[in-house]
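Letters A, B, ... mirror the listed sequences (proteins, then strands); counts begin at 1.
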Amino acid sequence: MDFRFDIVRDYLPLLLRGTVYTVCISLASIALGSILGLGVGLGKMSRYWFLRWPMHAYINFFRGTPLLVQIYMVHFGLIPLLYGKTDAIAAAVTALSLNAAAYTAEIYRAGIQSIDKGQTEAALSIGMTPWQAMRSVVLPQAVRRMIPAFGNEFIVLLKDSSLVALIAAPEIMYWSSAMKNQYIRVWEPYLTAALIYFILTYTLNKLLVLLERKVA
Amino acid sequence: MASAHRPIIQVTNVSKRFGKHEVLSDISLDVAPREVLVVIGPSGSGKSTLLRCLNLLEQPSGGEIVIDGKPLLAKETNIVAVRAELGMVFQQFNLFPHLKVLDNITLGPVRVRKWPAAKARDKALELLRKVGLEDKAGAYPASLSGGQAQRVAIARALAMEPKIMLFDEPTSALDPEMVGEVLAVMKRLAKEGMTMVVVTHEMGFAREVGDRVLFMEQGRIIEQGEPKALFERPQQERTRAFLSKVL
Ligand SMILES: Nc1ncnc2c1ncn2[C@@H]1O[C@H](COP(=O)(O)OP(=O)(O)OP(=O)(O)O)[C@@H](O)[C@H]1O
Ligand SMILES: [Mg+2]
């Protein structure tokens, strides 16, 4: 088997551009997903059934159906419904965010529930509102414990973002598929893509270990 | 201490159930301003629940509680505002581990009372001096001994300038050699005229500092009176049985 480095070199600028897209789509999605996930997670823990039930259904839906199906529904359904026409990047970020929200919601819930009830009670006893107690006392402690799980979710999301190539979002997999179609070669495009993903996840992992050590 | 003042705490026919289990039955009691009420009783008798009902960490199932003229269970009463007037000290300290000692104390004044940071800081340092821990302002709670942590917790509650202080077995989680330093702070507080409700097993404290001792069993008030009288001449057989075990 000969490995044609020359076609990798040809495609490298496009692959690197795709890498920027992958990183940006993933960052935007984990950020939006985390914010949305906090709301979903808090809703699921609410005393009120009319908040609890929909959030429960939301989490079950997004965790119980394939991400690719969700991406198609957002790309061909939701985004055209909202804006009249679709857009691959917007659809990619939206679908990945909605999906990440379901997973981070569970991370928040587990993190928040791991904090001793005495912390909330102490906060309430000095006159804080339940929301202030959550924001100033419970969340700062919970978030530290959630870092490993969040990191894990981020890595999963980064890898899963490769699925948005299927709606033509110009990220890593999109360009490596293009490369495969142009040259009818298998190993060059896919091994190169795999290597780029690996470098990204490996770096992310290292950063997370550093972060964990810093806040511990 | 019999007082001509209107009671600052009025509890009338309060009951509390957890499911079918009735933990408080028909509790009525008054606490006068500046009074120190000590609550004693066997484990599970409902002492903590009673204390927690006073600042609505538990919602009573029935009855009425009036704190400083405000009916707690009335719909229009702002529970959060009432809680700010009641300091609470917990058996497990419940300091905020992610905040330094100073920030533990200033959190309430800054977030709830909206004091400027400098004012809250001065108040916190003054309170730390008062509990003998000014050198710990920059420390994290994890580095404190139990006795130090509990004194910080008392300072944190006092920073809100509460009208009433509630103590739920403040020394039960402490090593014996640290009990004294916490009780000393509480004694000072009592002497300064703070209204206090103290659940404790420290009978020496009850006798020395308490104006009144209240004995509970199975969710009911069995007997109450001046400490000396209650300890030396209990009227109820159940009080006698309990005291013979703890004295
Ligand atoms: N959140 C709760 N849910 C169900 N039962 C509870 C709850 N809190 C307390 N109880 C029950 O209520 C009863 C009284 O509890 P409480 O903590 O008030 O007793 P206590 O007098 O403070 O006891 P101790 O001296 O052990 O602290 C106990 O039987 C306890 O199991
Ligand atoms: Mg108790």
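- There is a side-chain donor-acceptor pair under 3.5 Å between A/Ser136 and B/Arg111.
- More than 12 heavy atoms of other residues, nucleotides or ligands shown are found within 6.0 angstrom of CZ on A/Phe61.
- Formation of a donor-acceptor pair under 3.5 Å by the A/Gln119 side chain with backbone atoms of B/Leu95 is found in this model.
- Counting heavy-atom neighbours within 6.0 Å of A/Phe50 CZ, excluding the residue itself, gives a total above 12.
- At a threshold of 4.5 Å between non-hydrogen side-chain atoms, the residues A/Gln132 and B/Val112 count as touching.
- Within 6.0 Å of the NZ atom in A/Lys159, the count of heavy atoms belonging to other residues, nucleotides or ligands does not exceed 12.
- Note that CD1 of A/Ile126 and OG1 of B/Thr106 are 9.0 Å apart. Values are rounded to the nearest 0.5 Å.
- Counting heavy atoms from C-beta outward, A/Ser125 and B/Leu86 have side chains that stay 4.5 Å or more apart.
- When heavy atoms are compared at a cutoff of 4.5 Å, B/Arg156 approaches chain A by way of both its backbone and its side chain.
- In terms of heavy atoms, A/Ala122 sits closest to B/Phe96 at CB-CE2, 3.9 Å.
- Listed options B/Asn55, B/Leu57, B/Leu56 were ranked by heavy-atom pairs under 4.5 angstrom with chain A; first place goes to B/Leu57.
- Residue B/Ile79 holds its CD1 atom at 12.0 Å from OG1 of A/Thr129, rounded to the nearest 0.5 Å.
- Atom CD of residue A/Glu121 and atom CD of residue B/Glu58 lie 7.0 Å apart, to the nearest 0.5 angstrom.
- Environment of CZ in B/Arg121: sparse, with no more than 12 heavy atoms of neighbouring residues, nucleotides or ligands closer than 6.0 Å.
- Heavy atoms closer than 4.5 Å to chain A are found in the side chain of B/Met160, but not in its backbone.
- Contact of the A/Leu124 side chain with the B/Arg83 side chain is registered, since non-hydrogen atoms from C-beta on lie closer than 4.5 Å.
- Residue B/Phe18 places its CZ atom among more than 12 non-hydrogen atoms of other residues, nucleotides or ligands, all under 6.0 Å distant.
- Residue-environment remark: CZ (A/Phe150) exceeds the threshold of 12 foreign heavy atoms within 6.0 Å.
- Dense packing is recorded around CZ of A/Arg52, with more than 12 heavy atoms of other residues, nucleotides or ligands lying under 6.0 Å away.
- In this structure, the portion of B/Phe90 lying under 4.5 Å from any heavy atom of chain A is its side chain and not its backbone.
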